[in-house]
Amino acid sequence: RPQHVLLGENPAQLTAVTPETGLVTVGIGGNDVGFSKTLYTCAGLSISAPRGAPCMKHFGTTLTDRVADAAPKIATVLRTIHARAPHALVMVIGYLRVLPSATGCWPSVPAAAGDVPYLDHVERTLNQMLAEQARLGGALYVDDYRGGTGHDMCSAHRWVEPIFITHAAMPVHPNATGMRVVAHRVIATLQAARTAAGAR
């Protein structure tokens with residue numbers, strides 16, 4: 001469906017997929033889980049207990065349940081793409097690492113210390129679901145989380161922008177460096193698939 005954004009409306013992207021399409025890259029899932037909105041909620045909760053885990057207490061298993069609930073939607077999207085472009089190679093793009101695995105960097109990135117590993121687990125669960133749906137749906141999966149240590153929102157060398165705006169990039173989204181990383185991994189995954197196909 002069309003997507004309402006700050007400066008207008010993005011048309012439904014599936015309308016660009018036709019029988020002549022040869023390659024489709026799909027970045028999907030985070031909005032279905034509400035991951036960015038969740039981080040803002042957790043930021044507010046962190047003020048009450050910056051060393052605790054108020055976000056985990058608030059959401060519990062809700063977020064991982066949302067990931068599971070999103071899986072059939074991803075499957076439907078992949079089936080629709082294959083139906084519209086039966087000869088296309090389809091690639092599902094995973095998410096870059098958003099948070100470190102330990103205590104984070106509150107208040108620069110306002111996630112309470114105990115919520116950082118919790119939210120990192122949710123992101124890894126999301127990426128695992130996307131990888132599984134890609135496998136089941138006849139698509140390639142591009143692992144962008146791998147190698148993200150030291151490049152999360154807390155890092156000076158980050159690939160994803162923090163909640164507080166510091167650059168001309170959307171908060172909790174890849175910056176220019178992050179998008180270059182994603183592009184390189186898409187190309188590497190594509191080249192590996194072509195090499196594997198040629199070896200058969």
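Both backbone and side-chain heavy atoms feed into the values below; hydrogens, waters and symmetry mates do not.
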Using a 3.5 Å distance criterion without hydrogens, assess whether the side chain of Thr21 forms a donor-acceptor pair with backbone atoms of Thr18. yes
Flag, side chain of Asn10 to backbone of Val5, donor-acceptor distance under 3.5 Å: no
Name all pairs fulfilling the ring pair (Phe, Tyr, Trp, His ring centres under 6.0 Å) condition that reach into residues 121-153, sequence neighbours left out, sorted by first residue then second. His151-Trp159
Check the hydrophobic clustering (I, L, V, M, F, W, Y; side-chain heavy atoms under 4.5 Å; chains of links allowed) and say if Leu96 and Val92 are grouped together. no
Run the salt bridge (Lys or Arg N to Asp or Glu O under 4.0 Å) test against Arg180 and tell me which residues pass, sequence neighbours left out. none
Gln13, CD: over 12 other non-hydrogen atoms inside 6.0 angstrom: no
Donor-acceptor pair, His82 side chain versus Gly137 backbone, under 3.5 Å? yes
Using side chain to side chain contact (heavy atoms under 4.5 Å, CB included), reason through Arg84 and Val24 one step at a time and then give a plain yes or no. CA-CA 11 Å; Arg84 286 173 173 257; Val24 181; over 6 Å; no
Atom pair OG1/CG of Thr189 and Asp144 - distance to nearest 0.5 Å: 8.0 Å
Spell out, as yes or no, whether a donor-acceptor pair under 3.5 Å connects the side chain of His173 to the backbone of Pro171. yes
Identify whether Val98 and Leu45 are in the same connected component of the hydrophobic contact network (ILVMFWY, side-chain heavy atoms under 4.5 Å). no
Exercise: identify the closest heavy-atom pair between Leu78 and Ala139: CD2-CB, 4.4 Å
With no hydrogens and no angle check, is any side-chain donor or acceptor of Tyr95 less than 3.5 Å from a backbone partner on Ile28? yes
For a quick test of reading the model, state the closest non-hydrogen atom pair linking Gly30 to Leu126 and the distance between them. CA-CD2, 4.1 Å
Restricting to non-hydrogen atoms, name the atom on Val17 and the atom on Ile81 that form the minimum distance, rounded to 0.1 Å. CG1-O, 4.2 Å
Quick one: CG on Leu39 to CD on Glu123, what's the gap to the nearest 0.5 Å? 9.0 Å
First locate atom CG of Asp152, then atom SG of Cys105, and finally report the distance between them rounded to the nearest 0.5 Å. 7.0 Å
Minimum heavy-atom distance Trp106-Ala112, with the two atoms named: CD1-N, 4.4 Å
Are Val26 and Met91 linked, directly or through intermediate hydrophobic residues, by side-chain heavy-atom contacts shorter than 4.5 Å (ILVMFWY only)? no
Please determine whether residues Leu63 and Val116 belong to a single hydrophobic cluster, defined as Ile, Leu, Val, Met, Phe, Trp and Tyr linked transitively by side-chain heavy-atom distances below 4.5 Å. yes
Just jot down the side chain to side chain contact (heavy atoms under 4.5 Å, CB included) partners of Ser48, sequence neighbours excluded, or say none. Pro54
I want to check something: taking the side chain as every heavy atom from C-beta on, are Ser46 and Asp115 in contact at a cut-off of under 4.5 Å? no
I'd like to know if the side chain of Arg185 reaches the main chain of Val142, judged simply by a donor and an acceptor atom lying under 3.5 Å from each other, with no hydrogens or angles considered. no
Check whether Val33 and Tyr118 end up in the same hydrophobic cluster, where Ile, Leu, Val, Met, Phe, Trp and Tyr are linked by side-chain heavy atoms less than 4.5 Å apart. no
Any salt bridge (Lys or Arg N to Asp or Glu O under 4.0 Å) involving residues 41-67? Give me the pairs, sequence neighbours left out, ordered by first then second residue. none
Heavy-atom side-chain contact between Val122 and Phe59 under 4.5 Å: no
Sequence neighbours excluded, which residues qualify as salt bridge (Lys or Arg N to Asp or Glu O under 4.0 Å) partners of Asp120? Arg97, Arg124
Closest heavy-atom contact between Leu130 and Ile93? CD1-O, 4.3 Å
Selection residues 3-18 - residue pairs positive for salt bridge (Lys or Arg N to Asp or Glu O under 4.0 Å), sequence neighbours left out: none
Measure the spacing between CD1 of Ile163 and CE of Met153 and express it to the nearest 0.5 Å. 5.0 Å
Roughly how far apart are Arg146 CZ and Asn127 CG, rounded to 0.5 Å? 11.5 Å
Asn175 versus Val160, closest heavy-atom pair with distance: ND2-N, 4.2 Å
